[in-house]
Amino acid sequence: MEEKKKNKQESLYSKNESFENLEAVQQMALNRKGKDDELNPDISVFLKAEELKGKLYGLYSEKDKSSSPINLMGQVIIDGKELQINVGEKINEERQND
């Protein structure tokens, strides 16, 4: 049990440290200087760091492809009988008894 707590604390520490490092990168991007020592912020670097911070804390997620029904085969003919195959959809008893 103590090992789990220690691993969780190490995980949180690295998450926080990463967040702080990304904030430092953002500050460097905003304070970037160009020719003649003029301020020339790198907005693309700033935005990428912001995106990584959001991902770090789970604000962005991939679409769950498994949550929507898919139909890979459509229809299959066996012994002259056409069967409709809907992968990912629940098959009701009527269709099972056909």
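- Taking all atoms of both residues into account, the shortest heavy-atom contact from F46 to A29 is N-CB, 3.9 Å.
- Cluster membership check: L47 shares its hydrophobic cluster with L30, using side-chain heavy-atom separations under 4.5 Å among Ile, Leu, Val, Met, Phe, Trp and Tyr.
- The distance from atom CG of N31 to atom CD of Q26, rounded to the nearest 0.5 Å, is 11.5 Å.
- Across all non-hydrogen atoms, the minimal contact from F19 to L56 is N-CD2, 3.7 Å.
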* Under the side-chain contact (heavy atoms from CB on, under 4.5 Å) rule, what do K48 and E51 come out as? Steps first, then yes or no, please. => CA-CA 5 Å; K48 184 62 180 179; E51 178 185 352; 3.7 Å; yes

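- The structure places CZ of R32 at 10.5 Å from CD of E38, a figure rounded to the nearest 0.5 Å.
- One distance of note links NZ of K33 with CG of D42; it measures 15.0 Å at 0.5 Å rounding.
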